[in-house]
Amino acid sequence: MLVLGIETSCDETSAAVVRDGRQILSNVVSSQIALHQPYGGVVPELASRHHLELIDSVAREALNDSGVTLDHIEGIVATYGPGLASSLLIGLTFGKSVALARGLPFVGINHLEAHLVSPWLSAQRDFAPNVSLIVSGGHTILVHARAIGDHTVLGQTLDDAAGEAFDKVAKLLGLGYPGGPEVEKHALDGNRNAIPLPRGKLNDPDYDFSFSGLKTAVLYWLRRRQTCTASHLPSPVLRDVCASFQQAVVDVLVGKTIAAARACRVRAVTVSGGVACNGALRDQLAAACAHDRLELFVADRKLCTDNAAMIAGLGWHKLRAGLRSPMDLDARPNLKLE
Ligand code: KG4
Ligand code: ZN
């Protein structure tokens, strides 16, 4: 079955055609990073206006790239939450409209549930019971995923998401947006043990996260040095701050994920979301999984960040199971993974 997926939950306008929930025929992602860069974060009004301008051409491009036409598409799926209300509405309304006009089945997709399938799409492997870390700018969630549609949220961040912490610390340091790639770049030649920083909740027996204390610790460290931005920091010190901060985040993410995998007695771990692009996280999670004889599935970088292929990938499972959403399905900005 050929499924057209649509994703506009935040600042990526994306459309994809996926065959049988596995074979990605096209995955067009138009990122708005440059648009929001001057503001140091996503501006919702700009994001939705941009989605509206682009959604039609992005969907056409996805069809062109896939080599099929709308006549071949057998189902349409679109993200209906969580995300920015005005952004979600664009993709959701577009998806519902095309489905209605073509008489095709339609299902609204939970963006977070789609993140759970992206590592399996990348690996071209059948889903296996796993512990999954979703780690992005908006979310840091640990999930026990037993099967598609059968999962339990083990824990999540109590304050900032990990990506948000990267973005805020980058801002403190006067680095660009988005902060994750900037911090990673500067951390490369830094000493990760240079500055002692807290590992929030690492040793607590639950699976929740907290990153706001870490961000504040970086702020206080900078204040003690009587400096505010990177322009006042000698570059070796900037590299050490970035490396120490990144290591603190990675220690917590890896520690909690492995603890959850042990407790749930799974053999597989997956990770997705924008922060999963981070090389230190990928390497250290791989080493920790190897130590515990766990198989690690990390989504390809293009499938880590927001994309419609994961929406279409999950959508195929929902459509095949006979699920259909009503045409009055509304956007759910605060939709949870349940
Ligand atoms: O999944 P995503 O594209 O969007 C959502 O938040 O849903 O994730 C974006 C987040 C940003 O906070 C960005 O700073 C972070 O992912 N990020 C990274 C890296 N690349 C992106 N964080 C750490 N290291 C990276 N290489
Ligand atoms: Zn996402």
Side-chain angles (χ1 to χ4, degrees), residues 5-14 16 27 29-33 36-37 40-42 44 47 79-84 87-88 91 109-119 121 132-141 143 156-157 160-173 175-188 190 192 209 211 214-215 242-243 245-254 270-285 298-311 313-314 333 335-337:
I6 306 286
E7 154 66 35
T8 61
S9 65
C10 188
D11 60 341
E12 264 100 18
T13 318
S14 182
N27 184 26
V29 181
S30 174
S31 169
Q32 301 181 5
I33 284 181
H36 301 288
Q37 223 147 24
V42 177
T79 306
Y80 77 109
L84 300 169
S87 288
L88 286 165
I109 297 293
N110 181 325
H111 176 94
L112 294 170
E113 192 181 357
H115 269 300
L116 297 178
V117 305
S118 57
L121 259 181
S132 196
L133 174 68
I134 304 173
V135 69
S136 70
H139 304 278
T140 301
I141 306 182
V143 184
Q156 54 197 307
T157 185
D160 292 346
E164 192 179 354
F166 269 98
D167 294 338
K168 287 179 174 171
V169 164
K171 206 167 188 173
L172 283 178
L173 294 170
L175 301 176
Y177 169 86
E182 290 290 321
V183 170
E184 178 174 21
K185 195 170 70 192
H186 286 88
L188 274 180
R192 60 191 186 182
F209 300 87
F211 293 106
L214 172 58
K215 172 198 66 193
C242 288
F245 163 76
Q246 179 176 271
Q247 190 56 45
V249 177
V250 169
D251 279 349
V252 175
L253 294 177
V254 172
T270 79
V271 57
S272 69
V275 182
C277 293
N278 185 279
L281 174 61
R282 292 167 94 99
D283 292 349
Q284 293 177 48
L285 193 54
V298 188
D300 292 343
R301 283 184 165 78
K302 193 158 181 202
L303 294 177
C304 273
T305 49
D306 292 346
N307 68 88
M310 67 180 189
I311 305 301
L314 174 61
L335 186 67
K336 301 272 179 281
L337 188 61

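Read the numbers this way: they start at 1 and go in the same order the structure lists the ligands and their atoms.
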Margin query: So if I count the atoms of ligand 1 from 1 in the order they appear, which ones are less than 4.0 Å from some heavy atom of Gly179?
Written below: 14 (O)

Next item on the list: List every atom of ligand 1 that sits less than 4.0 Å from any heavy atom of Gly138, numbering the atoms from 1 in the order shown and giving each element.
Entry: 6 (O)

Check: Can you list the steps and then say if Val169 with Phe211 is a side chain to side chain contact (heavy atoms under 4.5 Å, CB included)?
Finding: CA-CA 11 Å; Val169 164; Phe211 293 106; over 6 Å; no

Next item on the list: Check whether any heavy atom of Cys10 sits under 4.0 Å from an atom of ligand 1.
Entry: no

Note to self: Tell me whether Asn110 contacts the main-chain N or O of Lys336 through its side chain, where contact means a donor paired with an acceptor under 3.5 Å.
What the structure shows: yes

Note to self: Return the closest protein heavy atom for atom 26 (N) of ligand 1 as residue, atom name and distance.
What the structure shows: Glu184 OE1, 2.7 Å

Check: Should the ring pair His111 and His115 be called parallel, tilted or perpendicular, given that the plane angle runs from 0 to 90° and is split at 30 and 60?
Finding: perpendicular

Check: Which one of Gly41, Gly274, Gly279 has a non-hydrogen atom at the shortest distance from atom 16 (O) of ligand 1?
Finding: Gly274

Item checked: Contact (N/O only, under 3.5 Å) between Asp167 and ligand 1 -> yes

Check: Strictly under 2.8 Å, is any N, O or S atom of His139 next to the Zn ion (ligand 2)?
Finding: no

Notebook entry, point to check: To the nearest 0.1 Å, how far is atom 18 (C) of ligand 1 from its closest protein heavy atom, and which atom is that?
Noted result: Gly180 CA, 3.5 Å

Margin query: Evaluate Phe209 against Leu133 for side chain to side chain contact (heavy atoms under 4.5 Å, CB included), listing each step before the verdict.
Written below: CA-CA 12 Å; Phe209 300 87; Leu133 174 68; 4.2 Å; yes

Note to self: Please report whether ligand 1 has a polar contact with Asp306, defined as an N or O pair separated by less than 3.5 Å (distance criterion only).
What the structure shows: yes

Next item on the list: Could you pull out the closest heavy-atom pair between Val117 and Met310, with the gap in Å?
Entry: CG2-O, 3.6 Å

Next item on the list: Check whether any side-chain N or O of Lys215 sits under 3.5 Å from a backbone N or O of Asp160 as a donor-acceptor pair, and report yes or no.
Entry: no

Notebook entry, point to check: For ligand 1, is there an N or O atom under 3.5 Å from any N or O atom of Phe166?
Noted result: no

Checklist line | Closest protein heavy atom to atom 15 (C) of ligand 1, given as residue, atom name and distance to 0.1 Å | finding: Val275 CG2, 3.9 Å

Next item on the list: Verify whether one side chain among Ser9 and Glu7 offers a donor that lies under 3.5 Å from an acceptor in the other.
Entry: yes

Next item on the list: Mark up the atoms of ligand 1 that fall under 4.0 Å of a heavy atom belonging to Ser136, in ascending order.
Entry: 1 (O), 5 (C), 6 (O), 7 (O), 8 (O)

Next item on the list: Answer yes if the side chains of Thr270 and Ser132 hold a donor-acceptor pair under 3.5 Å, and no otherwise.
Entry: yes

Item checked: Closest heavy-atom pair and its distance - Glu184, Gly279 -> OE2-N, 2.6 Å

Margin query: Between ligand 1 and Asn278, is the shortest N or O to N or O distance under 3.5 Å?
Written below: yes

Notebook entry, point to check: What pair of heavy atoms forms the shortest contact from Pro178 to Pro181, and how long is it?
Noted result: O-CD, 3.4 Å

Next item on the list: Decide whether an N or O pair under 3.5 Å exists between Gly137 and ligand 1.
Entry: yes

Check: Vertex the Zn ion (ligand 2): angle to OD1 of Asp306 and NE2 of His115, to 10°?
Finding: 100°

Next item on the list: Give yes or no for whether the N/O distance cutoff of 3.5 Å, strictly under, is met between Thr305 and ligand 1.
Entry: no

